[in-house]
Amino acid sequence: MLKSRILENKLSSLYKAGKIVGGVYLGRGQEAVSASLGTALIQGTDFFAPLIRDQAGRTAFGEPLIDCTRTYLGSAAGPMRGRDGNIHRGRPEMGMPAMISHLGAQVSVVAGMLFAKRLQGTLAGRVGATCVGDGATSTGAFHEGVNLAAIENLPLVIVVANNQFAYSTPNHRQFVCADLSERAAGYGIQGHSVDGTDLLESARVIRQAVELARSGAGPQMVVAQLLRLSGHGEHDDGSYVPLPVRNGHYGRDCVEVAMRQLVDHQIATVDEILAWQDQYAEEVQRAVAQAQQEPVPDPYREVWSATRTQFDTQSI
Amino acid sequence: MLKSRILENKLSSLYKAGKIVGGVYLGRGQEAVSASLGTALIQGTDFFAPLIRDQAGRTAFGEPLIDCTRTYLGSAAGPMRGRDGNIHRGRPEMGMPAMISHLGAQVSVVAGMLFAKRLQGTLAGRVGATCVGDGATSTGAFHEGVNLAAIENLPLVIVVANNQFAYSTPNHRQFVCADLSERAAGYGIQGHSVDGTDLLESARVIRQAVELARSGAGPQMVVAQLLRLSGHGEHDDGSYVPLPVRNGHYGRDCVEVAMRQLVDHQIATVDEILAWQDQYAEEVQRAVAQAQQEPVPDPYREVWSATRTQFDTQSI
Amino acid sequence: MSVTYVDAIREAQETLLREDPRVFLYGQDIANFGGAFKATKGLAEAFPNRVFDAPISEDAMIGLAVGAAIEGMRPIIEMQFADFSSIAFNQIVNQAATHFYRTGMPIPLTVRLPSGGTPGSGPFHSQSMEGIYAQYPGLIVLTPATVSDAYHMLIDGVALDDPVIFCEHKFLYRWLKAKTIHGDRLPIGQARIIRHGKHATVVAYSAMVHEAVRAADRLVQDGWEIEVVDLRSVKPLDMDTVLASVARTGRLLALGEAFPWGGVTAEVVSRVCAEGFHLLDAPPQRLNARDTPVPYHPKLWAAHRPTPESICEALRHLLSF
Amino acid sequence: MSVTYVDAIREAQETLLREDPRVFLYGQDIANFGGAFKATKGLAEAFPNRVFDAPISEDAMIGLAVGAAIEGMRPIIEMQFADFSSIAFNQIVNQAATHFYRTGMPIPLTVRLPSGGTPGSGPFHSQSMEGIYAQYPGLIVLTPATVSDAYHMLIDGVALDDPVIFCEHKFLYRWLKAKTIHGDRLPIGQARIIRHGKHATVVAYSAMVHEAVRAADRLVQDGWEIEVVDLRSVKPLDMDTVLASVARTGRLLALGEAFPWGGVTAEVVSRVCAEGFHLLDAPPQRLNARDTPVPYHPKLWAAHRPTPESICEALRHLLSF
Ligand SMILES: Cc1ncc(C[n+]2csc(CCOP(=O)(O)OP(=O)(O)O)c2C)c(N)n1
Ligand SMILES: Cc1ncc(C[n+]2csc(CCOP(=O)(O)OP(=O)(O)O)c2C)c(N)n1
Ligand SMILES: [Mg+2]
Ligand SMILES: [Mg+2]
């Protein structure tokens, strides 16, 4: 999560300097939850469909930094080759599908990946996970996807990062139950609730949910309470977030909380953390520098075809 | 509900005799629930969006028999003038919208009708109600509609007639929670559960839900357990319903149960019921006869326009 | 013994399930019940754990298929009616259709759409959506008109690596019969001259091919020889065959059952005009359904879609130039 | 002082809220935040309880609007991006669009679709869906290209009794400025000659009108005088104006930013061919975007859509016949 924070700080500066292609949507304040999920998953076995605030989860799952910087900086060598952008990037062949913008739509896709593994007889020991925001829970796609996963009893972990806002829209215009984890019972699946600003708690609850799913207990819904610590995107100052909310419990910075937890629990020393910081900053700098040197997509060499199949008779 | 049963029996015979235009979908076994809802609503004040098995509710709400027979028998004088059929019929100007086939889609429409009344300052004392089946609860439209009604705190009553099958598909391929009323909590609304084969209980619970909504307690979800006592449509023999289910508690005929209840509670005597039966049969016969004599739609006089606006320049 | 169009679709799915372990079927009421139109009858028993009843969740059905395709499967999704694919619209046009261009990984899923009008089916069980889906890059849109095409094109469509929208016509399901499903097999992307003629070309697809042939038969008595081209697929469009026919006849009527604005007939006419303007001896014409929802009453329905009468009328007009 | 295209849309909504108590606005982030593009800035404060933040439930947003319209209101629904209307597709094309024909009661709702490409917006924030919606009977599809049209057509559209799909172009939002919003006002259903010429007609709409004018300007140096017709609405289509222009020039290029299969350009070309074949001195041409999703990188994006360069090329080809 620290690496992701450093990377995202860099992306933010690059955005402000006008170096980024497209928008920048950051996961500040959501790293503890996202990294907990990415860490609990096993790359090569599990599936992970990140959403727009999951840089930390991507990094923890094993996505190389260069995939990120290439996409943001418009390098043609990035995983999406300039065809799709930044937070949409994915490597479906490596278990990480490339999201579409339409919120909620990835839930059923991950369910389908797991369903395929069951048909192929290789589901055992595998889980799939996806993240959504509080806003995405209002979509029909979310409902259909969660319910279908429940019917098929798939090892799907749905992490709802309730950052209290969907763009500018506060929770009370999105749902009126007390806690979104109350939805789980209606789907006949297990629900979990956690303070998403607390790394150790998030890691524990999310790992537990992942292991429950892995052991055959069916879909798990984890609802994490937290706050987005930046605007919706870097174009937005988030000034609609009321001061009491910003200064409230969930306004605390999960990265700072985590650092303190690591030191307090003697998992790491301050010096170690500082050394990581330097190392990550260095890595980020290298990934940025490399991507910046690479060529951008060339429309004249672009293969303008949306299908693999090519027909003799085709003129469109 | 008795009138509706007699009417539907007639429709079924007419279908078998090849006299009906289009399909026939009956509410047999669901009359107690549907009539309870129709009775609890006030025509002229409330809104009612019936679904495919709500003949009893329509009749109780005040829909004239002739609207029904005209539609089924293809009279041009019916409310849909041959343009749309049978169970889709509605009179939106009288608070009864005309459903589209797509399941779940009416929930948000009724919410919108109530929302309009709030904006117009005439919401007080009014409720809107809609029925859906167990299958329709799997639609994204249902989820979005219920959640939106909850957010807007509208006086909407959603009656889920869980007849254990959606066409041929049993409940366990549709949801895996124990009772669909568990969904209510996840929307932050009140849920109610009732034995839909028991008229007095259904009437009590549904009236209570309607009055709660009317008094400002927000959306209410009533889940009624029952069994469809015919095929999905009259083209279907429903042979996929397992014998133990057919012979089980919910397989009992709610009309028979109701008759017994009326007599036992001295609400009506056997003679009175028999007299009703004769009277309703007579009414149904008259409505059928009238509709059968009326002209069918004439394509040469049909106004082939899908918009009210007519443009000078329009050639389509 | 004869086979119907819907038999052919059932047979194709049986063949696919037997021969390709990557194929599975997912759709409402398709398992034990065999589907609303019996297009999967008996397949659940014959292929345990390959045929699944779906919840009423069209969006998630396609999402599931996309995910399964990513992991190497070849799902076939039955929509109960084409009209209900409007619920899955986003997953089809934005998720499935864009995936190959975005990621380089194709999505070999097939969506079966029971399409088109039948008497008494009304506005929501009658739609022809081929012209909607064909507008989106990344989709292949098939519209078989014959028993044999229903069989072979479903087999060949599932073999393609890209998402296929398979528009099967409900009116043809039981009405259209053939001696065998193993008729003339053409590759996907190739149109078929279904009836030869020299005075005008009707370009049609799906059920309208048969109405065009009926109209052509009637015009024989007036001395007119009408050529009928069955497009077979509307995306890709086989312009070679269409242009060759127009070159022979000099006259074009594009015929479809969908709503009149845009769609297949507009695409055909405008491509013929762009690529074969000099071949045309008369203004190219179109005939589509009317610009209202598909009406419920059979009398209105019959006047809403093109009929042999209205096709003859359009052809006479075309031939009058 | 100048007003932008998005200002005009904001102004129109302010006027509507002020003058018509039946109007209310419902959409994501449109209340206090003023909308993703600030098209409703300040309106929630000025009109308490008339402007509402919607949950991320596009299907229910349109359902709510239909219900409210049944009860006499005139809702304006903002989709955050046109692309997200794919979620509301069913409610738009099946619920709202069919209601008048089915019941006789019209549904006066307006769906605002921030449409079209901008650099770096990618496959899901760039779509042009006018050609999708226009295929459905019962919808009116407006595509304003000027500041004044953005204002007047929104006002006039909301006054119509039928459901209106209002396609506003995101690229024009801030780029397009005018001295006043009270420019030349034409009724809905009438196209506008935006530039006179005699050698060829370009029929365009929305942002492409401006690209067409640029291309026309460049061709002046070669001696070509190109007429540019702004359709303004794609359903209805003002064929009178289009045909009159083609009658003057004899040559037609139909230009659009949407995907190339079907859509507005195909409808325009095929109607001109059916109704005005004899007017054409050369094969009518079309120019659309390419048949892939809209790419993200600005370099690819600029080559995906028509540009003044590619329009000039298409016109030179058209003029070469
Ligand atoms: C179906 C759909 N509607 C609208 C949008 C536009 N949109 C993008 S992000 C966003 C807010 C998402 O809120 P939430 O799900 O809470 O995630 P967060 O941004 O808070 O992490 C919206 C409305 C979208 N992407 N998809
Ligand atoms: C979105 C959608 N998908 C599929 C259908 C086809 N269909 C019509 S009725 C039905 C079953 C409905 O089951 P349920 O909601 O339980 O109601 P019931 O028929 O049991 O009363 C189906 C699948 C439809 N009408 N709408
Ligand atoms: Mg949020
Ligand atoms: Mg049911």
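Both backbone and side-chain heavy atoms feed into the values below; hydrogens, waters and symmetry mates do not.
Atom CG of Asp281(D) sits about 8.0 Å away from atom CZ of Phe277(C), to the nearest 0.5 Å. With rounding to the nearest 0.5 Å, the separation of CG in Asn94(D) from CD1 in Ile87(C) is 8.0 Å. Rounded to the nearest 0.5 angstrom, Glu267(C) CD and Glu267(D) CD are separated by 11.5 Å. Distance OH/Tyr136(C) to OG1/Thr292(D): 14.0 Å, rounded to 0.5 Å. The CZ atom of Arg290(C) sits 9.0 Å away from the OH atom of Tyr101(D) when rounded to the nearest 0.5 Å.
Note: Phe89(C) leads Phe89(C), Phe259(C), Phe321(C), Phe84(C) in heavy-atom pairs under 4.5 Å with chain D. Between chain C and the options Val268(D), Val234(D), Thr265(D), Asp59(D), the largest number of non-hydrogen pairs under 4.5 Å is found for Val234(D). Between chain D and the residues Gly263(C), Gly122(C), Ala88(C), Gly138(C), the most heavy-atom pairs under 4.5 angstrom are made by Gly263(C). Between chain D and the residues Ser85(C), Ala134(C), Ala274(C), the largest count of heavy-atom pairs under 4.5 Å involves Ala134(C).
Using a 4.5 Å cut-off between heavy atoms, Leu318(C) does not touch chain D at all. The part of Gln127(C) that comes within reach of chain D is its side chain, from C-beta onward, which places non-hydrogen atoms under 4.5 angstrom from that chain. The part of Asp83(C) that comes within reach of chain D is its backbone (N, CA, C, O), which places non-hydrogen atoms under 4.5 angstrom from that chain. Contacts of Val272(C) with chain D are absent, with no heavy-atom separation under 4.5 Å from either backbone or side chain. Proximity to chain C is limited to the backbone of Ala282(D), based on heavy atoms less than 4.5 angstrom apart. Contacts of Ile92(D) with chain C are absent, with no heavy-atom separation under 4.5 Å from either backbone or side chain.
Scanning both residues, Cys273(D) and Cys273(C), for their nearest heavy atoms gives SG-SG, 3.1 Å. What you find for Gly131(C) and Gln135(D) is that their closest heavy atoms are O-NE2, 3.0 Å. Minimum interatomic distance between Arg286(C) and Ser270(D) (heavy atoms only, all atoms of both residues): NH1-OG, 3.4 Å.
With a 4.5 Å cut-off on side-chain heavy atoms, Trp261(C) and Val264(D) count as touching. Put simply, the side chain of Asp291(D) reaches to within 4.5 Å of the side chain of Lys235(C), judged on heavy atoms.
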